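Values reported hereafter were calculated over all heavy atoms of this structure, with side chains retained and with hydrogens, waters and symmetry mates removed. Counting convention: from 1, in listed order, for ligands and their atoms alike. Everything numeric in this text was worked out from a predicted model, so none of it was measured.
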Amino acid sequence: MLSPGRSCPSSYRYGARALAGRPALEAESVWIAGGLYGNPFALDALLEAYRAERGAKALVFNGDFHWFDVDANDFQRVNDAVLAHRATRGNVETELATPQDGAGCGCGYPDWVGDETVEHSNRILERLRAAAKHFTQGLAALPMHLVARVGDARVGIVHGDADSLAGWGFAQETLATDEGMRHARTAFDAAGVDVFASSHTCLPVLQSFAGGRVLVNNGAAGMPNFRGERYGLATRIALSPAREAIYGVRRGELYIDAVPLHYDHAQWQRRFLEQWPPGSDAHASYYARIAHGPDYSRLEALRQRIITDVVRN
Ligand SMILES: [Fe+2]
């Protein structure tokens, strides 16, 4: 039996074939923002950038839009904005809405994540429950995944990976292994999708596969994703290139871009510290990343095949 925060509850498992059905939406551009983590300033930046988008469009929050927002007003603000668009639930929303016995934060942390981080996350989730208490019904009703059609491509939007809400199969660490790549390849076949868009594992990846298939993990919309940089990332999949992209790849008529969310860092840092001062669980796990970014670079996010493909910067 795995400890809370490391286990992946059986209700989280859907299997890649669950994505093989009809698309839930069709658009010329789909924006996908996973891991907003309760950052209202990143939300503002995202909504402003999305507002400027032309044509048939959709915005999907693919889970973990709550996390640091233990203040009831912040929680409601994030919740209302997310539910006004398309959303799938992450492990955070699932554990707030329908706590699974012994799941802790429901993160399904692998063994390369230390015990302290796991314990911090379990306690963050417990503290978040008070702010969430009036919103659990709406969160419980959200799907775990959805499929979008953009042009001729089917896009599988998940929180964790192709099989599970909190799976780490689309983590940069997993995709760095032969077995991880093999498993991801089979997932495209089972799901019948051309593109997978994921989040959950906190670090971004853009990985292409044979046959024009692409896996894109946006890392975090609400936290910095690269060393020394201070913006969140969203994924934009569209029939036209993004106005601003950190990197991207073209797949036939499709542009798959990592779009920066330039939120107000000073305001966010202040807001975070009000809710999570030094000594708190979130401060211990996340403050250094919020202030300086993770120990990860853009080049590390772009995997071999992408680098030799078309890289737009
Ligand atoms: Fe997650």
Side-chain angles (χ1 to χ4, degrees), residues 2-14 32-39 42-43 60-70 75 78-79 82 87-100 102-114 117-129 132 136 139-140 142-146 156-175 196-205 215-225 232-235 281-282 285-286 289-290 294 296:
L2 292 167
S3 56
R6 294 212 183 263
S7 61
C8 195
S10 59
S11 60
Y12 280 20
R13 297 184 191 282
Y14 38 81
I32 303 152
L36 185 66
Y37 297 124
N39 178 345
L43 176 64
V60 182
F61 291 88
N62 59 329
D64 291 2
F65 32 94
H66 295 300
W67 192 229
F68 300 129
D69 47 343
V70 287
F75 191 99
V78 168
N79 211 68
V82 168
T88 64
R89 58 191 153 96
N91 51 290
V92 173
E93 291 76 33
T94 302
E95 291 309 315
L96 290 174
T98 54
Q100 317 284 307
C105 60
C107 304
Y109 281 123
D111 53 12
W112 69 74
V113 176
T117 300
V118 177
E119 285 157 20
H120 292 153
S121 291
N122 290 340
R123 289 196 294 262
I124 292 169
L125 198 280
E126 286 311 313
R127 210 184 133 191
L128 194 54
R129 286 196 193 288
T136 53
L139 297 176
L142 295 175
M144 288 196 278
H145 48 75
L146 63 81
I157 301 173
V158 297
H159 179 65
D161 63 23
D163 295 307
S164 167
L165 185 70
W168 285 68
F170 294 167
Q172 65 93 9
E173 294 89 344
T174 308
L175 294 169
F196 272 118
S198 70
S199 186
H200 178 55
T201 60
C202 271
L203 292 175
V205 183
L215 191 164
V216 57
N217 183 333
N218 77 305
M223 281 197 293
N225 290 278
L233 283 180
T235 296
D281 289 299
S285 279
Y286 298 100
R289 173 166 176 169
I290 288 168
Y296 192 65

Task: Ala221 to Ala42 - nearest heavy-atom pair and separation - done: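 It is O-CB, 3.5 Å.
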
Task: Residues Arg123 and Glu126 bridged, charged N to O under 4.0 Å - done: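 No.
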
TODO: Check whether any side-chain N or O of His159 sits under 3.5 Å from a backbone N or O of Asn62 as a donor-acceptor pair, and report yes or no.
DONE: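 A pair under 3.5 Å: yes.
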
TODO: With the Fe ion (ligand 1) as the reference point, give the N/O/S atom of His200 that is nearest.
DONE: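 Restricting His200 to its N, O and S atoms, the minimum distance to the Fe ion (ligand 1) goes to ND1.
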
- [ ] Give a yes-or-no answer on whether the side chains of Thr201 and Asn217 include a donor-acceptor pair shorter than 3.5 Å.
- [x]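 Yes.
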
Open item on the list: Using the Fe ion (ligand 1) as the vertex, how large is the angle between NE2 of His159 and OD2 of Asp64, rounded to 10 degrees?
Closed with: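 For NE2 of His159 and OD2 of Asp64, the angle centred on the Fe ion (ligand 1) reads 90°.
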
Open item on the list: Report whether any nitrogen, oxygen or sulfur of Asn91 sits less than 2.8 Å from the Fe ion (ligand 1) (N, O or S, backbone or side chain).
Closed with: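 Asn91 does place an N, O or S atom closer than 2.8 Å to the Fe ion (ligand 1).
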
